[in-house]
Amino acid sequence: MKTIKSKTILFITGAFVSHTCWDEWKEHFESKGYTTFAPPWPYKDATAQELRDRQPFDIDLATLTTYELIDHYANIAKSLPEKPILIGHSFGGLITQVLLNRDFGVAGVAIHSAPPKGVLPYEFSFLNAGWKVLGLFTSMKKTYMMSFKDWQYAFVNGMDAKDQRAAYAKYTIPESKTAARGALTDATKVDYDKPHPPLLFTSGSTDHIMPAHLNYRNYKKYKQNGSILEYKEFPGKNHFVLGLPSWKEDADYILNWLEKT
């Protein structure tokens, strides 16, 4: 019997990138009969260039906490005409897990997700790609902007250099070190034993910043308690999965999962 009956999707954006990364996904899912929303993080409702022009003195964004960020999306979910399907990428996948655990969605999809508290991210590529955003020994009143070199390693490894540069110019934006640090705190705590709505994890075999091994450990942290819980690893996908030429492969897998679940 089908359990997911909502036709409303809330896309939740990850760190470092503009919410416009969902534009093609929104159009594709809407063509399949869904109503979709992809709101920006607080203080990120501007173009990528406008946000970069504020770097590093965008104090509102710099001091954004993880608690405030999660509450932001919780309030959006509550405001929708029906309880939504939550689909998040990276940090957005983490928010998806937290909100689903708090009963703000009828189902969740965590795409190349950051882990909640309780899953220690010890993988080397994760540490190598992500440690700078924590801003150790730097002012927390300044935002962090990922360099192109770090973007090449963390997001677009394996792609043509021209495509890497174009993606960086189009999507990369400054980030809150405060929010990044908050991902390691009780702000992201979930109850892994609690029965939950259907939850799908997807990962990519070549993702550096959120490696498949980390995603699989996150998936395995949930107890087998009768809740629908699935995991899918895609070969050859890096962290720029939403914008890869093959993005429809991931999107259609998710659509099929939603329709059968």
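Please read all numbers here as calculations on a predicted model, not as lab measurements. What's counted below: heavy atoms across the whole structure, side chains too, no hydrogens, waters or symmetry copies.
Between S176 and T143 there is no side-chain heavy-atom pair separated by less than 4.5 Å. In this structure, the side chains of P115 and R217 stay at 4.5 Å or more apart for every pair of heavy atoms. T63 places none of its side-chain heavy atoms less than 4.5 Å from the side chain of M140. Contact of the K220 side chain with the Y222 side chain is not registered, since no non-hydrogen atoms from C-beta on lie closer than 4.5 Å. Between T8 and L10 there is no side-chain heavy-atom pair separated by less than 4.5 Å. The shortest side-chain heavy-atom distance between L86 and F11 does not fall under the 4.5 Å cut-off. A 4.5 Å side-chain heavy-atom check between N218 and P116 finds at least one atom pair inside the cut-off. N157 has its side chain out of reach of Y153: every pair of non-hydrogen atoms, C-beta onward, lies at least 4.5 Å apart.
K2 places a side-chain N or O within 3.5 Å of a backbone atom of I4 that can act as its donor or acceptor partner. Of the possible polar contacts, none joining the T66 side chain to the A187 backbone as a donor-acceptor pair under 3.5 Å is found. Between the side chain of W151 and the main chain of V156, no donor-acceptor pair closer than 3.5 Å is present. In terms of modelled atom types and a separation under 3.5 Å, the side chain of H72 and the main chain of P40 share a donor-acceptor contact. Side chain of T261 to main chain of L258: no donor-acceptor pair is present (N/O by atom type, distance under 3.5 Å, no hydrogens or angles). Listed for the T188 side chain is a donor-acceptor partner under 3.5 Å among the backbone atoms of T185.
The cluster map of Ile, Leu, Val, Met, Phe, Trp and Tyr, joined by side-chain heavy atoms under 4.5 Å apart, puts I111 and M210 in different clusters. A continuous path of Ile, Leu, Val, Met, Phe, Trp and Tyr side chains, each step under 4.5 Å between heavy atoms, connects I70 with F104, placing both in one hydrophobic cluster. Y171 and L244 fall within a single hydrophobic cluster, where Ile, Leu, Val, Met, Phe, Trp and Tyr are joined by side-chain heavy atoms under 4.5 Å apart, directly or via other members. Clustering ILVMFWY residues whenever any of their side-chain heavy atoms sit less than 4.5 angstrom apart, transitively, puts L100 in the very cluster that holds L80. No single ILVMFWY cluster, assembled from side-chain heavy atoms under 4.5 Å apart, contains both I95 and I173.
Within the structure, salt bridge (Lys or Arg N to Asp or Glu O under 4.0 Å) pairs that include any residue of residues 248-259 comprise K7-E259, K237-E249, K237-D250 (at least two apart or interchain). Residue pairs meeting the side-chain hydrogen bond (donor to acceptor under 3.5 Å, both in side chains) criterion with at least one member in residues 207-216, sequence neighbours excluded, are H112-D207, E123-H213, D207-H239. The ring-ring contact (aromatic ring centres under 6.0 Å, His included) analysis of residues 119-141, with sequence neighbours excluded, yields no pairs. Among residue pairs with one or both ends in residues 142-164, those qualifying as salt bridge (Lys or Arg N to Asp or Glu O under 4.0 Å) are K132-D150; sequence neighbours excluded. For residues 35-48, the pairs satisfying side-chain hydrogen bond (donor to acceptor under 3.5 Å, both in side chains) are K26-T36, E30-T36, K44-E175, T47-E50, with sequence neighbours left out. Every pair tested for salt bridge (Lys or Arg N to Asp or Glu O under 4.0 Å) that includes a residue from residues 104-114 fails, sequence neighbours excluded, so the list is empty.
Remark: S18 engages T20 in a side-chain hydrogen bond (donor to acceptor under 3.5 Å, both in side chains) (not counting sequence neighbours). Partners of R181 by salt bridge (Lys or Arg N to Asp or Glu O under 4.0 Å), not counting sequence neighbours: none found. Considering only residues two or more places apart in sequence or on other chains, T65 meets the side-chain hydrogen bond (donor to acceptor under 3.5 Å, both in side chains) condition with E68. Listed by chain and number, the residues in a side-chain hydrogen bond (donor to acceptor under 3.5 Å, both in side chains) with T96 amount to none (sequence neighbours excluded). For S113, the side-chain hydrogen bond (donor to acceptor under 3.5 Å, both in side chains) partners two or more places apart in sequence, or in a different chain, are Q97.
Q49 and R52 share a donor-acceptor pair across their side chains, judged by distance under 3.5 Å alone.
Taking the ring centroids of F16 and F91, they lie at or beyond the 6.0 Å cut-off.
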(message) Apply side chain to side chain contact (heavy atoms under 4.5 Å, CB included) to residues E230 and W257 and explain how you reach the verdict.
(response) CA-CA 9 Å; E230 295 190 30; W257 182 79; 3.2 Å; yes
(request) Could you please spell out the steps behind the side chain to side chain contact (heavy atoms under 4.5 Å, CB included) verdict for W22 and L242? (result) CA-CA 7 Å; W22 293 111; L242 302 186; 3.8 Å; yes
(request) Could you walk me through whether Y168 and F148 pass ring-ring contact (aromatic ring centres under 6.0 Å, His included), step by step? (result) CA-CA 7 Å; Y168 184 80; F148 176 63; 5.5 Å; yes
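Across T13 and Y73, no two heavy atoms sit closer than the pair N-OH, 3.9 Å. Summarising the geometry of T178 relative to A62, their closest heavy-atom pair is OG1-O, 2.7 Å, with the distance given to 0.1 Å. Annotation for L69 and P42: closest pair CD1-CD, 3.8 Å, computed over non-hydrogen atoms. A129 and M146 get closest at one heavy-atom pair: O-CE, 4.5 Å. Closest approach of C21 to V17, counting heavy atoms only: SG-CG2, 4.3 Å. Residues K177 and S139 approach most closely at NZ-O, 2.6 Å, considering heavy atoms.
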Validation: residues 189-203 side-chain donor-acceptor distances under 3.5 Å, sequence neighbours left out:
unit_1	atom_1	unit_2	atom_2	d
D191	OD1	D193	N	3.0
D191	OD1	K194	N	3.4
Y192	OH	K117	O	2.9
K194	NZ	N101	O	2.5
S203	OG	Y231	OH	2.7

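Note that CD of Q152 and CG of N238 are 12.0 Å apart. Values are rounded to the nearest 0.5 Å.
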